[in-house]
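See below for the structure under consideration.
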Number of protein chains: 2
Amino acid sequence: MKINPVDVLKEHSLKHTKQRVRVLEEIALDTVAISQPELEKKLGKEIDRVTLYRILNIYEDKGILHRIMDMNGTANYAICSTACTADHHHDEHVHFNCTNCSRIYCLDVKVPKMTMPEGFKAATINTTAYGICEKCSLQVKEN
Amino acid sequence: MKINPVDVLKEHSLKHTKQRVRVLEEIALDTVAISQPELEKKLGKEIDRVTLYRILNIYEDKGILHRIMDMNGTANYAICSTACTADHHHDEHVHFNCTNCSRIYCLDVKVPKMTMPEGFKAATINTTAYGICEKCSLQVKEN
DNA sequence: ATTTAAATGCAATTATGTTGCTTTAGTTGT
DNA sequence: ACAACTAAAGCAACATAATTGCATTTAAAT
């Protein structure tokens with residue numbers, strides 16, 4: 001998922017600031033989602049905490065990032081697929097949250113269709129699998 | 001899901017205190033999951049905040065309650081099905097989080113089986129649907 | 001009833017998220 | 001390139017959520 005921060009900002013008619021570029025750069029570094037605290041640690045020297053919150057919120061609203069909550073209620077961010085718009089997020093893939101390293105992966109697995117009971121109208125469905133990721137299962141073998 | 005708090009405590013060899021009983025009573029009142037802040041509001045006069053946290057943690061560890069995170073990272077609690085044990089939670093049903101009233105329902109819909117990519121070993125899978133619940137869709141019609 | 005161990009409550013601390021306002025920095029038009 | 005305008009960043013203060021250590025209380029065991 002190689003993106004050009006400057007282009008992304010233009011596409012969504014967002015003002016080009018170095019803070020916004022930095023946030024996108026940082027998140028785009030890895031296909032694995034990055035957590036709010038990690039971002040804060042990495043960017044805390046360059047970007048104010050409040051600004052970071054605001055940038056992340058805007059990006060989520062615009063459909064540039066999607067936010068995945070982990071089991072601790074911590075927000076994690078990953079770049080959205082190009083199909084996402086401000087009105088509608090299409091991040092209907094399965095997430096994998098490693099219980100060992102706590103990394104969150106966006107898997108190439110679609111969330112299965114399922115029928116809701118009478119009266120319940122689902123707009124989006126969110127699926128997260130918890131377990132051991134590829135990196136950690138390798139490490140376990142080595143020990 | 002009618003439970004007897006006193007029995008539940010015995011089964012898990014937990015000391016019987018009035019705070020623990022009250023928490024279980026309160027959560028068992030409704031099939032809908034109750035949020036931490038709601039619980040705190042309801043029980044705040046009788047039970048210290050810290051005690052509430054500790055009781056909820058113990059109940060989760062023991063497999064008496066299961067915790068569902070909503071989109072805001074707020075913890076919600078519901079009684080576990082009898083199949084749950086301390087070692088293994090079996091709450092593999094779909095949750096429904098109403099975007100209008102923010103209630104969380106435990107649906108009688110099983111989480112579909114799905115295949116993980118090479119190297120990823122899922123222990124549990126968590127699915128939450130977001131949308132409008134039965135109660136809210138009725139209200140919308142009325143207006 | 002006495003003892004013992006665990007649970008509760010309280011105070012203090014830390015982490016997390018939000019709001020209002022001032023300052024700074026992009027963008028637009030000349 | 002410069003001035004003027006507007007949006008974003010930074011800062012301080014505040015609000016909320018969660019955790020820790022310790023003194024006190026209470027349930028259970030003898």
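Proteins get letters first, then strands, A, B, ... in listed order; numbering begins at 1 in each.
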Original post:
Salt bridge or not for B:E92 and B:K110, using N-O below 4.0 Å?
Top reply: no
**OP:** Specify the separation, in whole Å, of atom CZ of B:R22 and atom C1' of C:dA7.
**Re:** 18 Å
Subject >> Leading and trailing nucleotides of DNA chain D with any atom under 4.0 Å from heavy atoms of chain B >> reply: D:dA17 to D:dA28
**OP:** For B:M69 and C:dT16, give me the distance from atom CE to atom P, rounded to whole Å.
**Re:** 13 Å
**OP:** Tell me which nucleotide among C:dT8, C:dT27, C:dT18 gets nearest to the side chain of B:R20.
**Re:** C:dT8
Original post:
Is there a donor on the side chain of A:R49 or the base of C:dG17 sitting less than 3.5 Å from an acceptor on the other?
Top reply: yes
Original post:
Could you give the CD1-to-C1' distance, from B:I47 to C:dG9, as a whole number of Å?
Top reply: 12 Å
**OP:** Run through B:D70, B:N97, B:V94 and flag the one making a side chain to side chain contact (heavy atoms under 4.5 Å, CB included) with B:T128.
**Re:** B:N97
Subject >> Test: B:K42 and B:E38 ion pair at under 4.0 Å >> reply: no
Subject >> Closest-nucleotide 5' rank along DNA chain D - winner of B:V50 and B:K15 >> reply: B:V50
Original post:
Rounded to whole angstrom units, what separation is found between the CG atom of B:L52 and the P atom of C:dA7?
Top reply: 16 Å
**OP:** Run the numbers on B:F96 and B:Y130 for ring pair (Phe, Tyr, Trp, His ring centres under 6.0 Å), then give the verdict.
**Re:** CA-CA 6 Å; B:F96 191 96; B:Y130 298 94; 8.3 Å; no
**OP:** Rounded to the nearest angstrom, tell me the gap between atom NE2 in A:H16 and atom P in C:dT28.
**Re:** 13 Å
**OP:** Scan B:E46 against the nucleic acid and name what it touches under 4.0 Å (heavy atoms): base, sugar-phosphate only, or nothing.
**Re:** sugar-phosphate
Original post:
If only atom types and distance count, is the side chain of A:Y59 paired as donor or acceptor with the main-chain N or O of A:R54 below 3.5 Å?
Top reply: no
Original post:
Could you state the NZ-C1' distance from B:K18 to C:dG9, rounded to the nearest angstrom?
Top reply: 11 Å
**OP:** Nearest-nucleotide wise, let me know which of A:D48 and B:T74 is further upstream toward the 5' end of DNA chain D.
**Re:** A:D48
Subject >> Whether A:H95 and A:H66 hold their rings parallel, tilted or perpendicular, with breakpoints at 30° and 60° >> reply: parallel
Original post:
When all nucleic acid strands are considered with a 4.0 Å heavy-atom cut-off, which category describes A:T17: base, sugar-phosphate, or nothing?
Top reply: sugar-phosphate
Original post:
Would you say C:dG9 has OP1 or OP2 under 4.0 Å from some side-chain N or O of B:Q19?
Top reply: yes
Subject >> Atom pair distance, as rounded to whole Å: CG in B:L9 and P in C:dA6 >> reply: 16 Å
Original post:
Within a reach of under 6.0 Å around CG of A:D108, are more than 12 heavy atoms found that belong to other residues, nucleotides or ligands?
Top reply: no
Original post:
Which whole-number value in Å describes the distance from B:L14 CG to C:dA7 P?
Top reply: 7 Å
Subject >> Minimum-distance nucleotide to B:R54 side chain [options: C:dT18, C:dA7, C:dC10] >> reply: C:dC10
